[in-house]
Amino acid sequence: MKSDTGKETTPQSTGLFSRLLYLAASLLIGVLLWQAATMVFGLPAFILPGPGQVWRRFIQSLAEGQLQQHTLTTLFEVLAGLLIGGLAATSLGYLLAKSAPLEKLLSPYLVASQSLPVVAIAPLLVIWFGPGIFSKILICSLTVFFPILINTVVGLREVPNDLRDLMRTLKASSTQTLWKLEVPAALPIYMGGLRVGATLSVIGAVVGELVGSDRGLGFLINIGRGQYDTALVFVAIFTLVFLAVTLYGLVLLIERQFLSWQSWRQDVR
Amino acid sequence: MNSCPEAALSVHNLDVIFRDASGVVHALHDLTFSLPPNGFLSLIGPSGCGKSTLLRVLAGLVPPTAGEVCYNTDQPKIGMVFQKANLMPWRRVLENISLPLELKGLPKKTILDRVHEVIRQVGLEGFERAYPRDLSGGMAQRVAIGRSLIQDPDILLLDEPFGALDALTRERMGDELQHIWHAHKKTVVLVTHSIPEAVYLSDQVLALSSRPGSIVLDMPVDLPRPRTSEIRYSDSFSKLTHKLRDTLQEDNTMIT
Ligand SMILES: Nc1ncnc2c1ncn2[C@@H]1O[C@H](COP(=O)(O)OP(=O)(O)OP(=O)(O)O)[C@@H](O)[C@H]1O
Ligand SMILES: [Mg+2]
């Protein structure tokens with residue numbers, strides 16, 4: 001990534017084009033193999049529907065408006081969880097990075113909460129907070145919390161001491177040090193946490209919905225399963241994958257936007 | 001930082017001892033010296049003898065273990081150039097240099113005018129929009145020098161600022177520094193490994209012993225000013241460089 005001279009845009013855009021070409025080819029191969037498998041094994045549609053059936057189910061649930069509605073629900077849970085969990089993790093991470101005693105005090109709980117799979121407490125949260133959206137948002141918040149917290153702490157730790165000294169000789173206030181030094185210096189690592197968090201948030205939402213809910217893509221999967229409408233299950237799964245990949249790509253895009261100077265990590269001067 | 005009337009900067013019986021998990025390092029021992037306003041002092045001594053530590057004490061970054069440092073004003077404006085260029089990799093050359101003024105909250109226009117002036121002084125025209133990763137070591141070092149000059153400091157602390165430069169650029173930057181010092185009335189403390197550079201630029205040279213660094217020679221340099229390259233070939237110049245070299249060699253150290 002050598003950035004913004006006119007010469008380099010051409011190879012970069014052909015690179016993008018060929019990447020898209022490869023993506024299309026690999027998707028096509030996947031669909032063909034899938035089609036072949038359904039034909040060779042001759043499985044009934046409620047076990048393994050073919051690509052054509054799934055596609056028709058997709059169009060149908062779009063037409064009914066059912067897919068959009070559940071997708072929006074899940075998306076809302078995912079984003080709200082990311083926002084709430086992210087905000088909480090970022091602020092706590094900042095405090096932890098600033099105060100060693102606080103970190104020592106809290107780290108047993110943090111490590112414990114890290115080793116506890118959210119899947120295990122999702123039923124509890126649904127029992128306590130009901131099958132509505134709220135319990136899902138809570139689950140999402142909890143899933144994204146840890147990676148973002150850790151990356152906040154690590155990112156802030158990585159701020160070079162020499163630059164901190166520079167800010168001190170320039171008599172920078174602590175707010176100035178935060179915005180002009182700590183935030184930009186910690187951003188590359190922080191964004192990595194956000195990227196992981198975005199995918200985890202999708203997982204959190206679905207787990208919550210599978211455990212107990214009345215809407216969302218996880219709920220749709222449950223419905224499909226209950227009615228032997230396996231094509232619908234596939235539609236929901238593909239939509240979920242699409243959601244997760246899009247979110248991941250979105251964070252990556254933001255990252256590229258803010259961190260165009262990024263190759264500095266390799267040779268810090 | 002207490003204030004002391006006559007000298008711009010004075011140091012009394014300074015000792016610095018670092019204690020950490022890996023042990024105790026006695027970095028500086030019993031330094032006493034002073035520097036008049038607008039004086040130019042060079043520090044020279046073997047690697048690891050505590051030169052950078054002394055500059056950090058002068059900048060208020062490291063507290064003295066014993067002794068004291070004082071300035072003739074309460075809040076001296078200090079410009080520091082670190083041994084590594086120490087630039088912010090996410091800021092372009094322009095923005096790295098403007099940082100000190102940004103922190104003061106000056107209007108954008110004022111800052112920009114001043115930045116361009118400084119960029120001319122350190123010879124970085126055409127690189128305003130480059131990121132640090134695209135600069136050579138010497139250019140990065142010049143950005144750091146520009147950043148220290150922009151706030152027009154009373155006291156300029158320079159830690160081997162010319163270390164990464166080729167010989168000729170080094171002399172040119174030395175002359176530029178001499179010019180800035182002369183035109184803008186600053187007190188300068190320069191760490192260098194070059195004996196001729198120390199003599200050429202300074203009013204006063206301190207030679208430090210190996211660790212714990214203590215003063216083995218406090219040598220005034222009374223060559224006429226302004227100095228130009230010819231002076232390097234004069235007898236008085238070589239007398240001073242010889243004296244400095246002999247002192248440093250006596251201390252049984254290596255100077256490159
Ligand atoms: N914060 C610190 N904690 C512990 N030891 C330190 C610290 N800073 C410096 N030292 C030690 O103090 C001694 C002097 O270091 P300093 O960087 O001042 O040397 P120097 O004269 O600048 O060397 P060089 O010419 O190689 O730059 C070294 O042994 C170094 O390891
Ligand atoms: Mg040093």
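Worth saying up front: this structure is predicted, and the values here are computed from it rather than measured. So you know, we letter chains A, B, ... as the sequences are listed, proteins then strands, and number each from 1.
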Asks: Do NZ/NE/NH1/NH2 and the carboxylate oxygens of B:R114 and B:E117 come within less than 4.0 Å?
Replies: yes
Asks: Test A:F76 against A:I137 for side chain to side chain contact (heavy atoms under 4.5 Å, CB included), laying out the working first.
Replies: CA-CA 8 Å; A:F76 178 75; A:I137 294 178; 4.0 Å; yes
Asks: Below 4.0 angstrom, N of the basic side chain to O of the carboxylate: do B:D159 and B:K84 qualify?
Replies: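 Not counted as a salt bridge, because no side-chain N and carboxylate O are separated by less than 4.0 Å.
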Asks: Please look at B:Q141 and chain A and tell me whether the side chain, the backbone, both or neither of the residue comes under 4.5 angstrom of a heavy atom of that chain.
Replies: neither
Asks: Could you tell me which of B:K77, B:R56, B:M80 has the largest number of non-hydrogen atom pairs under 4.5 Å with chain A?
Replies: B:R56
Asks: Where does A:L187 contact chain B at under 4.5 Å (heavy atoms): side chain, backbone, both or neither?
Replies: neither
Asks: Does A:R157 come within less than 4.0 Å of A:E103, counting only side-chain N to carboxylate O?
Replies: yes
